[in-house]
Amino acid sequence: MPKSTVVDYFAGNENLLDDSAKRSPNITQSRFRLLHTALTVTDPGRVLSIGMGSGIAEEKLRDEYGINVVKGVEPSEGFAALARKRGFEVEVAGAQEVDYEPDAYDTIVYNGSSFGFLNDDELKDTWRRNYEALSAHGKLVFTDVPKESALGAVLYLTQRYPEIKDDDFQDLLEGTTFYRTGRDEYKPYWHLTEWYVDLLRSLGFREFRFFQTVLANPPYQEQAVEDPIEGYKKGNYIAVVALK
């Protein structure tokens with residue numbers, strides 16, 4: 001395996017996800033509907049959540065739809081502690097550090113761009129091992145703010161070029177979940193959606209489904225709850241379903 005690059009980016013900021021959900025309830029609900037739609041393309045079955053965060057989405061899946069996540073993986077100690085309080089089994093580790101058992105899960109999900117914290121070599125190796133950990137007709141699901149979206153472009157460029165001053169772009173992010181957040185809270189690794197699809201295809205995944213939501217430009221994203229639609233070329237939040 002590649003040398004670990006696991007960092008707890010959210011040490012001391014364990015309430016970040018819960019606070020964001022309260023601050024932006026419409027975006028949060030739109031994203032949850034996106035996740036639920038992607039997970040139920042086929043029977044979710046035994047679900048592993050990687051990058052579980054504080055377990056907000058997993059709690060809603062369990063309480064509102066009876067979808068039970070059998071295990072979570074989360075590198076942040078603070079997030080993992082909150083997820084445990086919500087009743088989940090959580091391994092504190094990066095996705096690249098986990099020993100995955102063959103045929104252990106029907107669904108492996110990376111929610112909230114959590115795969116974007118792995119560098120390219122780690123991601124390829126980890127997704128290869130995820131493929132082996134899935135049952136015969138299992139699926140890998142990831143949700144993302146894609147680099148090519150309006151929101152993704154703002155986040156990527158302002159992170160990539162720190163000389164851009166906060167005051168020069170915060171008006172674009174007002175009305176999003178990233179308003180006045182630190183740039184080190186964004187995922188560190190970015191690619192176009194089709195790069196990830198090509199990688200998954202090279203690892204043996206045979207069929208793909210795509211869903212998207214929050215179609216408004218960044219300042220207006222909190223104005224309404226949206227149901228997901230098919231595709232990935234318009235949404236500021238997308239879900240990719242890769243079927244084994």
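Computed from a prediction, not measured in an experiment: that's the story for all the values here.
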Joint cluster assignment, L123 & Y156, ILVMFWY side-chain distance < 4.5 Å: no
Geometric cation-pi criterion, K187 with W190: 6.0 Å, 45°: yes
Pair R180 + D166: basic N to acidic O under 4.0 Å: no
K60 charged N/C atom sitting above Y65 aromatic ring, 6.0 Å / 45°: no
Exercise: do E222 and T176 side chains pair donor with acceptor under 3.5 Å: no
Ion pair check, E58 and R62, cut-off under 4.0 Å: no
Rounded distance [0.5 Å steps], CZ in F32 versus OG1 in T213: 13.0 Å
N-O pairing of D125 and R129 below 4.0 Å: yes
E101, CD atom: more than 12 neighbouring heavy atoms under 6.0 Å: no
Residue of the set I27, L173, L215 for which side-chain contact (heavy atoms from CB on, under 4.5 Å) holds with Q221: I27
Salt bridge present between K165 and D168 (N-O < 4.0 angstrom): no
Electrostatic pair R86-D18, nearest N-O below 4.0 angstrom: yes
Side-chain donor/acceptor of T143 to backbone N/O of G112, under 3.5 Å: yes
Co-membership, hydrophobic cluster, residues V109 and V70, 4.5 Å side-chain: no
E230 with R209: basic N within carboxylate O range, under 4.0 Å: yes
Aromatic ring proximity Y196/F115, centre distance under 6.0 Å: yes
Donor-acceptor pair, side chain of S113 and main chain of V145, under 3.5 angstrom: yes
Connected via hydrophobic side-chain network under 4.5 Å: F210 and L140: yes
Sidechain-backbone polar pair: S24 side chain, A21 backbone, donor-acceptor under 3.5 Å: no
Step-by-step side chain to side chain donor-acceptor pair (under 3.5 Å) determination, Y232 to E148: CA-CA 10 Å; Y232 63 91; E148 63 266 35; over 6 Å; no
D144 side chain vs I238 backbone, donor-acceptor pair below 3.5 Å: no
I56 with F178, same ILVMFWY side-chain cluster at under 4.5 Å: no
Aromatic ring proximity F142/Y110, centre distance under 6.0 Å: no
